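Written out below as structure tokens is the structure these notes cover.
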There are 2 protein chains.
Amino acid sequence: MPKETFFNLAEAKRKLIEDVAVDEFVTYGYDKASINRIVKSCNIAKGSFYQYFEDKKDLLKHLLTKMAQDKAKYVSPHLLKVKDADFFTILREMYILGLKFSADNPRVAQMANQVLKSKHHPVYQEIVNANMEAVYTYLSNLLKHSIAKGELRPDIDLRFVSYIISAINLATVEYYFDIVKGKEVNMGSFDEDIIDIANMFVDFIKKGIAKPTGGNDNDQG
Amino acid sequence: MPKETFFNLAEAKRKLIEDVAVDEFVTYGYDKASINRIVKSCNIAKGSFYQYFEDKKDLLKHLLTKMAQDKAKYVSPHLLKVKDADFFTILREMYILGLKFSADNPRVAQMANQVLKSKHHPVYQEIVNANMEAVYTYLSNLLKHSIAKGELRPDIDLRFVSYIISAINLATVEYYFDIVKGKEVNMGSFDEDIIDIANMFVDFIKKGIAKPTGGNDNDQG
DNA sequence: ATATAATATGACTCAAAGGTCATATGACCC
DNA sequence: GGGTCATATGACCTTTGAGTCATATTATAT
């Protein structure tokens, strides 16, 4: 937790530090991120930084916590609206919201993705593992519920599918930044791209890629 | 490339250095991996290390290149045997072989996975990006071929599916180390576990998780 | 035995990091 | 003005890292 001093700072200054820090982490990764560079960029003294934060880890943890809060605040109300829909509609909404948030906060999102992907990261245990449990529980319950409603194959392994849906969740964001944002700069509107990607992923999770063997598939996506 | 001196070394000494280095990278990650610690562990002088390698990056690149060669040597002949089988049989064989190799070389495999997952890694560009192109090309051709044979839905996006199959390939290894190796120490034989995992992943990619809507599904896995 | 080439060595340099601390500044109240 | 508190400062300390180099050792050849 940052020290009280940090929260007493003028909003502009606080935001400057946060923005610069995110940039630093995104550009150099955690280990190579330098407090010296950050304070220079912010035009604050080294000592001041340590009035605000315990250390580098404290800084990163603050940024991630803040992001989690912002994301939750953005996602929750939208997700509530579809909470009674079928599984794939909910999943699709989750992907769309996640992608939209990433598009609106690209650097923070990429920073978080880095942490999410490297188990060696000094904050992985404290931040990721702690939340992962909640995610798996949420997904498992959702899956169970949807199986009961007859929307999913009853023979799936809950733990496995939870795992893979989380992994694919990460991959969607990656795919968005790598392929869509990476190549052409101005294609369609962002929202269209995002919806296309979400549809592709959900469609994949839903039906796989094998040619249907006789049965008709009614697409409700 | 390591210097000639390194390859002139006695096999045992060379292997010791490689093993210690892999351990170091796996334990601390690239940035925090220390040449000082490595040479101490090997009981060689700092200067000797720099007779063998240009620098830390050179060392890691050597280890990854060697792994790639070992893996290729192990995988290729097995993969040849199923080259005319249907898509999912080939994919399944790919997963099984990859998992077996990882099980036999766990530390090297985990080291490689780390690199694969972090785009900030100093060797990502040179190593991963270079090979990625080949992987995508291979998968795209395989997909095209299989679509022509009527095994896959013709409406899939080749780029997207190549991407996701690569991502899932990574996830299988993760899943293996996290869940299977992580929990119980001695369950069934390794091979059984591996085959189970490969089946789950291929089944997922093949059929997705939605309950089939009327059509019967003939499982040939 | 001597000369030449290959290899081994670890003290050393230089740079950069994280983190501390005594001091300075400024805001606010009496 | 005088006193108190929160905040700001940057020189400084310690540690650690990567990488160098003059020198010592060993092996090979003649």
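In this text the structure is predicted, and so the values were computed from the model without any measurement. All values below were derived from every heavy atom in this structure, side-chain atoms included, with hydrogens, water molecules and symmetry-related copies excluded. Quick note on labels: first sequence line is chain A, next is B, and so on, each numbered from 1.
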remark   = Residues passing the ring-ring contact (aromatic ring centres under 6.0 Å, His included) test with Phe49(B), sequence neighbours excluded, are Phe53(B)
request  = Map Gln51(B) and Glu54(B) onto DNA chain D by nearest heavy atom, then report which one ends up closer to the 5' terminus.
outcome  = Glu54(B)
message = For Asp19(B), give me all partners under salt bridge (Lys or Arg N to Asp or Glu O under 4.0 Å), at least two apart in sequence or on another chain.
response = Lys15(B)
request  = Whole angstrom is fine here: how far is it from CG in Asp55(B) over to C1' in dG17(D)?
outcome  = 13 Å
task = Go through the structure and list residues passing salt bridge (Lys or Arg N to Asp or Glu O under 4.0 Å) with Lys61(A), not counting sequence neighbours.
result = Glu126(A)
request  = Say whether, by atom type as modelled, one donor and one acceptor occur between the side chain of Lys71(A) and the main chain of Ser102(A) under 3.5 angstrom.
outcome  = no
request  = Name the nucleic acid region contacted by Tyr52(A), choosing base, sugar-phosphate or nothing; use a 4.0 angstrom heavy-atom cut-off, strictly under.
outcome  = sugar-phosphate
query = For the residue pair His62(A) and Phe6(A), does the interplanar ring angle fall in the parallel (under 30°), tilted (30 to 60°) or perpendicular (over 60°) class?
reply = perpendicular
No-H, no-angle donor-acceptor pair, Lys46(A) side chain to dA11(D) base, under 3.5 Å = no
request  = Describe the nucleic acid contact of Ser48(B) in one word from base, sugar-phosphate, nothing, applying a heavy-atom distance below 4.0 Å.
outcome  = base
task = Please list, by residue number, the residues of residues 12-40 of chain B whose heavy atoms come closer than 4.0 Å to an atom of DNA chain D; answer none if no residue qualifies.
result = Ala33(B), Ser34(B), Ile35(B), Asn36(B)
ask   = ring-ring contact (aromatic ring centres under 6.0 Å, His included) with Tyr74(B): which residues, sequence neighbours excluded?
value = His78(B)
remark   = Under a 4.0 Å heavy-atom criterion, DNA chain C is touched by chain A from dA17(C) to dC21(C)
inquiry  = Just to be sure I understand the geometry, which residues of residues 56-66 of chain A put a non-hydrogen atom under 4.0 Å away from DNA chain C?
reply    = Lys56(A)
query = How would you list, by chain and number, every residue that makes a ring-ring contact (aromatic ring centres under 6.0 Å, His included) with Phe160(B), sequence neighbours excluded?
reply = Tyr175(A), Phe201(A)
query = If you find the nucleotide of DNA chain C closest to Leu9(B) and the one closest to Tyr50(A), which residue's nucleotide is nearer the 5' end?
reply = Leu9(B)
query = Considering residues at least two apart in sequence or located in another chain, which fulfil the side chain to side chain contact (heavy atoms under 4.5 Å, CB included) criterion with Leu16(B)?
reply = Val20(B), Cys42(B)
ask   = With Asn36(B), which residues qualify under side chain to side chain contact (heavy atoms under 4.5 Å, CB included), at least two apart?
value = Ser34(B), Lys46(B)
query = Residues in side-chain hydrogen bond (donor to acceptor under 3.5 Å, both in side chains) with Asn141(B), at least two apart?
reply = none
Summary of salt bridge (Lys or Arg N to Asp or Glu O under 4.0 Å) pairs that have at least one residue in residues 93-122 of chain B, sequence neighbours excluded = Glu174(A)-Lys119(B), Asp178(A)-Lys119(B), Asp23(B)-Arg107(B), Lys117(B)-Glu174(B)
